[in-house]
Amino acid sequence: MTDPQNTAAPAATVYHDQPSANPIKVETRSVSVRYGDTQALHDVSIRIPDRGVTAFIGPSGCGKSTFLRCINRMNDTIDSARVSGSVLIDGEEVNSRAVDPVVLRARVGMVFQKPNPFPKSIYDNVAYGPRIHGLATKREDLDAIVEASLRKAGLWAEVEGRLGMPGTALSGGQQQRLVIARAIAVNPEVILMDEPCSALDPIATARIEELIDELRENYCLIIVTHSMAQAARVSQMTAFFHLGHLVEYGPTEDMFTNPHDARTQDYITGRFG
Amino acid sequence: MTDRAPSSDIRKAIETRLARRHRAERRFQFYGMAAIALAVLFLVVLLSSIIVQALPAFTQHTLTLPVRVEAELADPQDDRSEESLRAGSYSRMLQVALQDQFPSVTGRSELRALFGLYSSVNSAKLLNQVVENPDIIGETIEFSMPISDDADLYLKGLTTDERFVDRNEPLTLSGAEGEVTLTASDPVFSAFIEEVNDTLRARIQTVSDRAATAQARADRAETEDARQAAAAGAERARREADQLEERLQAREALSLSPEMASLLVRLGGGVVQITQLEPGGRVARGEVVIAPERDGVYQDWTEWRIETPAAGRRIGDVQIVFARALDDRGLVENGLNLILFTNADSREPELAGVRGALIGSVLTMIITMLMAVPIGVGTAIYLEEFAPRNRLSEIIEVNINNLAAVPSIVFGLLGLAVFINTFGMPRSAPLVGGFVLALMTLPTVIISSRAALKAVPPSIREAALGVGASRMQAVFGHVLPMAMPGILTGSIIGLAQALGETAPLLMIGMVAFIADPPTMGVAGFTEPATVMPVQIFLWSSGAERAFEAKTAAAILILLALMVLFNAAAIYLRSRFERRW
Amino acid sequence: MQISLFTVLILMVLTAVGFLVGRRRAYAVSSGHASRLHSLPSYYGYYIALWTGVPAFILLAIYGMFGNDAVNALAGAQMHRAGEPVHAQFEQALSDDEDIARLEAELATLENRRIYAREAIERDSELVPAAGEYPAQSPAERQQALSSEINRLAAEREARAEVLAGQVEAQTDDALARAGFVYSRLSDERRELMINDARAIAFGEGVASRETPEINALASAMRPFHEVLRSSMALAALALAIGGLAYARSRISSSFRARNRVEGAISVLLLLASVIAIATTIGIVLSLLFESVRFFSAINWRIDEFLLGTQWSPQIAIREGQVGQTGAFGAVPLFAGTALITVIAMLVAVPVGLFAAIYLSEYASTGVRGWAKPVLEILAGIPTVVYGFFALLTVGPLLRDALLLLGYENAVTQSALAAGLVMGVMIIPFVSSLADDVINAVPQSLRDGAYAMGATKSETVRQVIFPAALPGIVGAVLLAVSRAVGETMIVVMAAGQGANLTANPLESVTTITVQIVMLLTGDQEFDSPKTLSAFALGLVLFVLTLILNVIALRVVQRYREKYD
Ligand SMILES: Nc1ncnc2c1ncn2[C@@H]1O[C@H](COP(=O)(O)OP(=O)(O)O)[C@@H](O)[C@H]1O
Ligand SMILES: [Mg+2]
């Protein structure tokens, strides 16, 4: 049903029907990003529902991370990056001058490909966000937040009683869960995950995937992955990126069984990537 | 598990702290900018203060006199032989020439001041002229020489404040030589008396202030000893103030002392130095320095006030008069100071130059370069390309890193103990200096050469080895040429460092006063020499004020040399840099 | 220069000839088919050139190093021999002289008494005065009195011996014999001087400080040895070169592995080059240790006094037998001065350097970085003597005037503060470039993590980057401290010379490096404890900076490994 020649000239994005009952949490309207002279992202428009997992897939270098970083304005930290278009969270413009990235990033947590715990104790890692943002005035409150976050991240049982240990001393999978705990300690509304399992072994990956599944009840999760299987396992919605374009977006099941675009089909069937 | 806290609460909590956090952020950024600004400010102040101090050293007043080369002075044996000419009394010749300019001057101290206007070393120059060209004997020649440093600074207006006031009240001069009296019907000198009294009053004020603070300290003192000491100080200061006050009030003649401003009167082509002023400012007594054409009444004359007290300058009133007179007669000219570049060191600031130190630096750098670069590059090649990973290589590596941080003065001690005392090499010689600096520079050269070698991609080596070259051929034929720009840059930077190094050279005796520049040749390597930075050190401790400017000028020359070195490094880097 | 340029030139030509011969030979043995050779023909050339040049040049180098000493020793031995008859006369005169005999007898008795007094001190007993001989004295007083008496008599004896020597000298007509006698009686240092003067006259090395018949005699004794040694060495070198050439040429055949030989020689050369770095360190350690040991033995091994004493006045001359001779070498004021100036310098350099590094790596735009980094590099490249001049003539007077204005009356131009401030500025670029490296080594992922949590830049720097970089920064600061401790010119010029033991930065203080310079500049005999103490100070400085460097390099390296 799609013309293979379309791979060369990108057509407009194909949107599947969205059956989701959840309200829209994040919406972008023709977001483009350039790094200096090279354009990394072309006119990406997407609506991402709350309380669910949305997966971004696509060959490496296609702009998934770049797009993800638009949502919490992490691209501000890169001198050469220029973002245009609008990003709305709960209908509120993120790129406006009135929005302080500090506040925005407290609402939108982020987890990176390589676990990056700070060179501090487990406790201080999790307490970092509440401390800088002043979310707890009393020690007990902070203790409670730390415990709750570690519990939610499924790490509590493993580190209970060893909270003074440096975060860097944990195993890779534990570190990644620690980082997730750190992100949810400030109670964000959206959590962005950039290939959170690519540096982990299969067992640790399975733990994280379980965790993602639990978290989706409360958060809007957006996860970049290059593993199709993972996207199929954890996500409800999937977006396929190619060469800086959002090629196709829709419910995960639809996308995998019935891709409209030839490029999506080629990618899913493993013809490139 | 739907325990999501209402996000608006969290947002509110965050936003209440936001302003404070952003203030902290701005403060932090300000500290960073302040640090950079401080560094920049410091560099600017450093360079500009040195430039300002150096400027006077780049010009020089030259005294040009008609000198009659008298046969009996120049050629005592009257046979025109070189031996006879060398025995001539040329300094007398210069004295005669200078005295001819001021025929009226006969007093011993005046003559001493007059002859102090040039350094007697200059007579050697005259001697050489005569020996080279004996035909000028009996002729009158124009002979130029730098004027003494104090006169030079005076004429540049750097050490002495003075004022000339043209007057036209009639003034009667009692005689044309020796002690004279100047009388006027108007109080022509009262302005000057008032000025002297003003400074006296200011002095009284400071002394009384001092008495007051000392008294206050005495009142506050905690121990009896301290109280007594402070009280004694207060008493002393009070007494001094009283004495000064008495002098101010006294209605007797004002004797001018070296602590006060000086007053001179110019009239009829002569100059009278005032020594005493009668109250009322109508009568002044003084001494003739340069004889006026006649005595009697003068309608037009000039009051010449030297505001800087004689005690506060190195040049006396009489010498000032002569220097000014020679200048007015057009015999003194201010021009570019070539002596700075053509002469070696000298005890006389006006004759001191950097030529010797420059040659010394060049010779020393040649040795340093010949030693440090081949050895350093060889070491780098060995460690980077051939060294097996064993204990020895490890020790060499650690050792080089530590050597890089050994204080330079320790290398000087090494040079003194090993090269001079054990091997018996000559002291103060560029050879030893070069050795010491080479050892000091070695780590820099090694480290930068290794970095350059490391930056050559392994594919180059593999390609060379792949076509059957030996390791040695691969390294010398392919890797080394590609690493050359980096190696050159690192070596030049190391050499520039060595060029500015002082401390180790002090240890091996390159700090001596050396009036003859070393030979520009093989023999020069073992002759006593000094180098630019050491010359700067030596001059900076020179007592004469003129050495201050000389030092700053030498610094500028050294910095220019270093800029040249670094420019060469940058040029080489850009010229030979290859991309791969 | 005792090796004539001519010999060197001939050797170079021979080496070049060796190269050509080798190449020709290689073509010859391969009968024109170079590809049959094991190595390229030029390798055969290099091989022969090596054999021609290297042994001969090594011989010349050895001669260059020891030739002078050999000539001096030979001429000295000859002088000794020539002076022997006169010396015998002198001995005779000594033993015949009544004064000498009397003095020696007296010296012997006094020496005995002194030994007795010393034993009494050691036994801690009183002296029993012989009848009416001396009043009651404590053994220590007694020993001291005896020592000075002995010194006096010994000096008298010396003087008398001098007179006799003069008489003997005057009776001798033979200039050479007289010179030999004079030469053999000289002390080591004076002999050194005489040799230098004689060399100056004989070979024009420098300028002779004096010229006497004795020196001339020594000079003419040196000349033949010098000539013979020089020409025989030149001949030997040429013979070696030709022999090497012939030997190497005889070894060449088409299967000869010339390349391996040449490359082996080159790798030995490279290894030797890298051993020089070690040799330098060993040289530093040995020379400092050796001279320090001599110094410590001169102060009777009172190392504790040296390290803990508070009185530094090495200008006091020290004579044999002088009481309390160790008192003047207490180095604590120097250590304190060094520490004071280092602290001041660090107070300037560490905050400014760190903030500059943080600003440049985290905040500055590329434009600012483009000019701010070169500015710091220029500051780093300015010679320390220039900083010293600036401290002496600008900062020092400025500080003094400011302090006088503020009512501090004892303000001086040369103060610890002036030197410390300027030194701090000198070290700013050092700290900032090291810290810059360290901060840039902190992985970007940590920064991203902090920003993603909503931290501001300064929070990221203070709470994440700084703790992560701390070990590296500590290493950088240690290196900077070592730099400050070893810095010489600024303190020599701007800190003054008074060995004050003070914590007041407004006074002038002295440092280890300043004292080393003071002790070793100017003319002085090399063997006095005063001069030797400079090496002991050098040893302290070396050990101190070495410890700092080793720790710092360790810390930094560990840190680098952590984030690699
Ligand atoms: N900081 C940057 N500067 C310049 N180009 C960048 C930067 N980050 C990413 N890019 C470029 O943008 C494109 C998209 O990158 P990215 O978003 O990281 O891809 P993905 O995450 O899908 O693998 C790539 O071509 C990459 O080279
Ligand atoms: Mg990515």
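Every chain is numbered from 1, with letters handed out A, B, ... down the list of sequences. Atoms considered below: every heavy atom in the structure, side chains included; atoms not considered: hydrogens, waters and symmetry mates.
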Study note, to complete from the structure: Applying a strict 4.5 Å limit to non-hydrogen atoms, the region of C:Ile358 in contact with chain B is side chain

Check your understanding: How about C:Phe355 and B:Phe28: are their ring centroids closer than 6.0 Å?
Key -> yes

Revision key, fill the gap. If one checks every heavy atom of C:Leu360 against chain B at 4.5 Å, the contacting part turns out to be side chain

**Study point:** chain B contact via C:Ala380 - side chain, backbone, both or neither, heavy atoms under 4.5 Å
**Key:** neither

Review point. So which of B:Leu38, B:Leu47, B:Ile381, B:Val406 has the biggest tally of heavy-atom pairs under 4.5 Å with chain C?
Key: B:Val406

Study note, to complete from the structure: Comparing C:Thr456, C:Leu286, C:Val395, C:Val485 against chain B, the one with the most heavy-atom pairs below 4.5 Å turns out to be C:Thr456

**Study point:** chain C contact via B:Ala496 - which portion, at a heavy-atom distance below 4.5 Å
**Key:** neither

**Study point:** Under 4.5 Å from a heavy atom of chain B, the part of C:Tyr43 involved
**Key:** side chain

**Study point:** Region of C:Thr545 that comes under 4.5 Å of a non-hydrogen atom in chain B
**Key:** side chain

Check your understanding: Is chain C contacted by the side chain of B:Leu46, its backbone, both, or neither, given a heavy-atom distance below 4.5 Å?
Key -> both

**Study point:** Interchain contact, B:Ile396 with chain C, by part (heavy-atom threshold 4.5 Å)
**Key:** both

Check your understanding: Taking every heavy-atom pair that is under 4.5 Å apart, which of B:Asn399, B:Ile375, B:Leu439, B:Thr422 has the most such pairs with chain C?
Key -> B:Asn399

Study note, to complete from the structure: If one checks every heavy atom of C:Leu272 against chain B at 4.5 Å, the contacting part turns out to be neither

Study note, to complete from the structure: Between B:Glu25 and C:Tyr363, the two heavy atoms sitting closest are OE2-OH, 3.0 Å

Check your understanding: Can you tell which of B:Met425, B:Gln473, B:Met562, B:His22 has the highest number of heavy-atom pairs within less than 4.5 Å of chain C?
Key -> B:Gln473

**Study point:** chain B contact via C:Val368 - which portion, at a heavy-atom distance below 4.5 Å
**Key:** neither

Check your understanding: Taking all atoms of both residues into account, what is the closest heavy-atom pair of B:Ile409 and C:Gly486, and its distance?
Key -> CG2-O, 4.5 Å

Point to revise | B:Tyr382 side, atom OH; C:Ile266 side, atom CD1 - distance, nearest 0.5 Å | key: 14.5 Å

Exercise for review: Tell me, for C:Arg483 versus chain B, whether the close heavy atoms (under 4.5 Å) come from the side chain, the backbone, both or neither.
Suggested key: neither

Check your understanding: Does any heavy atom of chain B fall under 4.5 Å from the side chain of C:Leu392, the backbone, both, or neither of them?
Key -> side chain

**Study point:** Derivation of the side-chain contact (heavy atoms from CB on, under 4.5 Å) call for C:Leu270 and B:Thr379
**Key:** CA-CA 6 Å; C:Leu270 292 179; B:Thr379 306; over 6 Å; no

Check your understanding: So which heavy atom on B:Ile36 is nearest to which on C:Ala372, and how close?
Key -> CG2-CB, 4.0 Å

**Study point:** Atom group of C:Val262 that falls short of 4.5 Å from chain B, counting heavy atoms
**Key:** neither

Check your understanding: Using non-hydrogen atoms only, which part of B:Phe525 is less than 4.5 Å away from chain C: side chain, backbone, both, or neither?
Key -> neither

**Study point:** Between CG on residue C:Leu354 and OH on residue B:Tyr31, distance to nearest 0.5 Å
**Key:** 14.5 Å

Review point. Who wins among C:Thr384, C:Ile428, C:Leu541, C:Ile516 for the most heavy-atom pairs under 4.5 Å with chain B?
Key: C:Ile516

Exercise for review: For residues C:Ala277 and B:Ile400, report the shortest heavy-atom separation together with the two atoms involved.
Suggested key: CB-CG1, 3.8 Å

Study note, to complete from the structure: Given B:Leu506, B:Leu413, B:Ile395, the one with more heavy-atom pairs under 4.5 angstrom with chain C than any other is B:Leu413

Check your understanding: What do the steps show when you test C:Leu553 against B:Asn402 for side-chain contact (heavy atoms from CB on, under 4.5 Å), and what is the final call?
Key -> CA-CA 8 Å; C:Leu553 290 173; B:Asn402 279 317; 3.4 Å; yes

Review point. For the candidates B:Leu558, B:Val45, B:Val410, B:Ile555, which exhibits the highest count of non-hydrogen atom pairs separated by less than 4.5 Å from chain C?
Key: B:Ile555

Practice item. Measure the spacing between OG1 of C:Thr280 and CE of B:Met440 and express it to the nearest 0.5 Å. Key: 12.5 Å

Check your understanding: Is the ring centre of C:Phe390 less than 6.0 Å from the ring centre of B:Phe42?
Key -> yes

Study note, to complete from the structure: Under 4.5 Å to a heavy atom of chain C? For B:Ala552 that would be both

Review point. Do you know the tightest heavy-atom contact between C:Gly454 and B:Arg21?
Key: O-NH2, 2.9 Å

Revision key, fill the gap. Applying a strict 4.5 Å limit to non-hydrogen atoms, the region of C:Val425 in contact with chain B is side chain

**Study point:** Check: B:Gln29/C:Ser458 side-chain N/O donor and acceptor closer than 3.5 Å
**Key:** no

Check your understanding: So C:Phe389 and B:Ser540, side-chain contact (heavy atoms from CB on, under 4.5 Å) or not? Walk me through it.
Key -> CA-CA 7 Å; C:Phe389 176 76; B:Ser540 75; 4.0 Å; yes

Exercise for review: Please state whether the side chain, the backbone, both or neither of C:Leu544 comes within less than 4.5 Å of a heavy atom of chain B.
Suggested key: neither

Point to revise | More than 12 heavy atoms from other groups under 6.0 Å of CZ on C:Arg554 | key: no

Check your understanding: How long is the span from the CE atom in B:Met371 to the CD1 atom in C:Ile276, to the nearest 0.5 Å?
Key -> 6.5 Å

Review point. Does any heavy atom of chain C fall under 4.5 Å from the side chain of B:Leu43, the backbone, both, or neither of them?
Key: both

Review point. Does B:Asp516 CG have over 12 foreign heavy atoms under 6.0 Å away?
Key: no

Practice item. Specify the closest pair of heavy atoms between B:Ala39 and C:Leu376, including all atoms of both residues, with the distance to one decimal. Key: CB-CD2, 3.9 Å

Practice item. Among C:Val461, C:Leu271, C:Leu393, C:Val375, single out the residue with the greatest number of heavy-atom pairs under 4.5 Å to chain B. Key: C:Leu271

Point to revise | Residues, nucleotides or ligands: over 12 heavy atoms within 6.0 Å of C:Tyr46 OH | key: no

Point to revise | When B:Ser470, B:Ala24, B:Ala37, B:Ala405 are compared by non-hydrogen pairs under 4.5 Å with chain C, the top option | key: B:Ser470

Review point. Tell me, side chain or backbone of B:Phe386 under 4.5 Å from chain C's heavy atoms, or both, or neither?
Key: side chain

Exercise for review: Calculate, to the nearest 0.5 Å, the distance between atoms CD1 and CD1 belonging to B:Ile50 and C:Ile382 respectively.
Suggested key: 7.0 Å

Study note, to complete from the structure: Among C:Glu459, C:Glu487, C:Glu362, C:Glu192, the residue with the most heavy-atom pairs under 4.5 Å to chain B is C:Glu459

Review point. Quick one: does C:Ser274's side chain get under 4.5 Å of B:Ile446's, heavy atoms only?
Key: no

Check your understanding: Are C:Thr394 and B:Gln53 close enough, and set up right, to give a side-chain contact (heavy atoms from CB on, under 4.5 Å), and what steps lead you there?
Key -> CA-CA 10 Å; C:Thr394 308; B:Gln53 286 177 77; 3.5 Å; yes

Check your understanding: When rounded to the nearest 0.5 angstrom, what distance separates CZ in B:Phe537 from CE in C:Met489?
Key -> 4.5 Å

